[in-house]
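Have a look at the structure below, then the notes.
One is the number of the first residue; the rest follow in order along the sequence. The figures that follow rest on heavy atoms only: side chains count, while hydrogens, waters and symmetry mates do not.
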Amino acid sequence: MRTSRFSALVALVAAAGLARAEDCNNNGIDDATDIYTNCTSLDLDDSGVPDECEIADGLLPDCNGNGIVDWADIFGASDMCGNAVGGGSADCDNNGVPDECQSEEDCDANGIPDLCDIRDGTHTDADGNGVPDSCDLAAGAADCNENQVPDGGDIRPTLAFDSDVYGFMAGPDAETFPIDVAVGDVDGDGDLDVVAANRAFPSGDSIGVFRNDGSGAFSLGVVYNTGGAAEALDLADLDGDNDLDIAIPQRAASNFHVRIMLNDGTGAYSVGAALAAGQVPIDVAAGDIDGDGDNDLVVADINGGRVYVLSNNGNGTFAAPTSFVVGQRPLAVKLEDLDNDGDLDLVALVQTAAEVVVYANNASAFTEVTRIGLGDLFAATAVALSDMNKDGLVDLVLALQYSRSTAVLMNQNSLAFSAPITRGPYAGNPVAVTTGDFDDDGLDDVATTLSPPWPDGPLSISRGLGDGSTLAPTSFLAGYSALSLATGDFDADGRDDLVSGIYQERRIRVWLNRAVPSVSADRNNDGVPDECDCPADFDGTGFVDTDDYDAFVRAFEIGGDDADFNNSGFVDLEDFVDFVHAFEAGC
């Protein structure tokens with residue numbers, strides 16, 4: 001039988017003869033008896049009020065009117081007597097609403113929403129617009145080569161991943177809940193490992209080190225106690241010995257500081273100094289702020305409304321911190337050269353004001369340059385840094401958790417940024433965000449993990465179009481509460497992979513990139529497969545002339561993919577002959 005603090009209090013008050021008998025459903029039996037003794041009423045939100053009363057008052061959702069709140073219909077629950085409740089409704093698009101309550105797009109009338117068809121793999125969506133390809137074609141989408149794939153899908157690579165999960169080794173701190181992950185070569189063997197910052201019960205908080213065998217497969221996580229509540233982490237060489245140490249903001253009773261964990265060179269860690277950094281440090285970023293060759297720290301103090309700067313003395317000890325006011329409840333900090341002047345600037349996310357604040361690094365001191373309000377959007381809870389349009393400037397990518405969206409702020413130089421370019425709403429709340437070229441097209445994409453829905457929350461990837469905008473997201477299984485996300489090439493194949501810490505599952509999940517190349521080339525970027533354009537218009541000018549011949553000969557001599565004129569998968573004399581025939585034929 002499940003009990004709660006509320007139910008225990010009800011029992012104590014009733015025993016003292018002080019309880020006032022509430023009977024919200026007017027059945028002649030007090031609510032507490034309905035819930036805790038007779039179990040004739042549900043109280044799945046543990047509020048002390050029967051669910052049927054809160055449903056009637058509009059406080060709990062029950063879209064199908066069966067007396068069970070929607071989330072319990074989907075995931076199942078139990079009443080106070082341990083009886084199973086709900087669990088009979090599907091939620092194939094992971095939006096927290098039973099499928100039977102939704103009127104969603106079902107273009108092929110098969111009784112399954114389009115997004116579910118796509119996410120289940122029963123329908124393809126090669127062009128990433130959220131509509132099954134078969135429906136796009138039925139609605140008149142161009143298919144110039146008649147291969148039953150819209151032209152936009154022919155010229156884009158297809159997202160694909162192999163994923164696996166890795167737990168922690170048994171030990172005194174095995175009850176580990178990863179709250180953040182970072183990627184780096186911690187054991188010096190040349191491949192990328194994963195480090196997780198964990199909350200652990202009951203024996204203390206920890207980090208977990210997952211070592212890569214070089215192929216993208218990982219060992220079980222080795223746990224090292226940190227002695228305080230881990231909130232986040234960053235990897236950097238902090239003591240000048242050329243291996244990756246760890247900085248962890250910690251908050252525990254009478255124990256608010258940044259903890260340094262020192263690497264012995266093999267990826268094994270020991271507890272180092274505890275550094276004062278405000279009232280409640282919540283995030284940390286490491287980098288050489290003052291240009292002296294060692295890594296300093298910046299720390300977000302969520303309660304103090306300040307950012308603290310800790311200058312490294314070069315040996316892993318730090319000078320007394322300096323600080324400045326950033327605004328109420330800063331959530332995250334990042335260091336990056338945003339103005340291409342060779343030093344590290346600062347980005348801070350401020351929750352209360354829903355602002356992104358950018359600071360320029362001027363002679364090792366930060367000066368506020370830009371304070372970007374997010375308007376009607378809720379505050380950003382995470383930020384990733386990426387050159388989304390390949391102009392040589394680093395842009396800002398935000399997770400807007402409670403707006404169920406992501407946003408890109410394009411860097412316009414001189415630390416000025418565009419208005420948010422948003423994508424959403426997602427099927428859940430984005431809680432972590434990273435970027436990388438996940439479809440192998442040369443442009444960075446946006447990856448985010450969503451929470452809720454639980455337990456099968458998705459990883460959603462929105463493919464970048466090169467101007468800050470993205471295609472509709474494609475989703476992959478993440479797990480129960482994937483609260484962190486990072487990018488790295490784990491199998492050394494030159495492609496960006498992903499890792500997340502799955503909090504409630506107490507393990508990490510790794511996705512290895514298996515993107516499938518596009519079917520057709522589009523050398524002139526007109527959105528039409530090259531085989532449907534004038535074939536001999538090799539330089540994409542719209543007409544055939546000697547420039548096309550010269551361009552093809554140069555490509556053929558190099559042997560690059562562009563010279564694979566017949567799309568055979570390799571360049572040979574047949575490509576040259578086919579091109580000459582097409583050139584002679586003209587358009």
Item to complete: Tell me, with the steps shown, if R514 and D491 meet salt bridge (Lys or Arg N to Asp or Glu O under 4.0 Å).
Response: CA-CA 11 Å; R514 299 290 184 259; D491 52 3; 3.0 Å; yes

Practice prompt. Have a look at T448 and tell me which of P430, S405, S462 forms a side chain to side chain contact (heavy atoms under 4.5 Å, CB included) with it.
Written response: P430

Worksheet item: Does a sphere of radius 6.0 Å around CD in E574 hold more than 12 heavy atoms from other residues, nucleotides or ligands, not counting ones at 6.0 Å or beyond?
Response: no

Practice prompt. For residues I68 and A72, report the shortest heavy-atom separation together with the two atoms involved.
Written response: CG2-CB, 3.6 Å

Worksheet item: Any side-chain heavy-atom pair from Y549 and V544 closer than 4.5 angstrom?
Response: no

Worksheet item: Closest approach of N411 and L393, non-hydrogen atoms and distance?
Response: O-CD1, 3.6 Å

Item to complete: Run the salt-bridge test on K334 and E336 with the 4.0 Å N-O cut-off and return the result as yes or no.
Response: no

Fill in: CG (D57) with more than 12 external heavy atoms under 6.0 Å
yes

Discussion item. I need the single residue from T470, D445, N389, L471 that forms a side chain to side chain contact (heavy atoms under 4.5 Å, CB included) with L465. Which is it?
Written reply: L471

Item to complete: Run through L498, D497, L512, V510 and flag the one making a side chain to side chain contact (heavy atoms under 4.5 Å, CB included) with F161.
Response: L498

Discussion item. For D489, is there an ion pair with R495 - N to carboxylate O distance below 4.0 angstrom?
Written reply: no

Worksheet entry | More than 12 heavy atoms from other groups under 6.0 Å of CZ on F476 | yes

Practice prompt. Check whether any side-chain heavy atom of P420 lies under 4.5 Å from a side-chain heavy atom of L409, and answer yes or no.
Written response: yes

Discussion item. Check for me whether the distance between the ring centres of F168 and F210 falls short of 6.0 Å.
Written reply: yes

N/O donor-acceptor pairs under 3.5 Å from side chains in residues 347-357, not counting sequence neighbours:
| unit_1 | atom_1 | unit_2 | atom_2 | d |
| --- | --- | --- | --- | --- |
| Q351 | OE1 | R329 | NE | 2.6 |
| T352 | OG1 | Q328 | O | 3.3 |
| E355 | OE1 | R371 | NH1 | 2.8 |

Discussion item. Tell me whether the rings of F552 and F538 are parallel (<30°), tilted (30 to 60°) or perpendicular (>60°).
Written reply: perpendicular

Worksheet item: Do other residues, nucleotides or ligands put more than 12 heavy atoms under 6.0 Å from Y166 OH?
Response: yes

Worksheet entry | Residues in side-chain contact (heavy atoms from CB on, under 4.5 Å) contact with A382, at least two apart in sequence or another chain | A399, V433

Discussion item. Are Y480 and Y503 an aromatic pair, judged by ring center distance below 6.0 Å?
Written reply: no

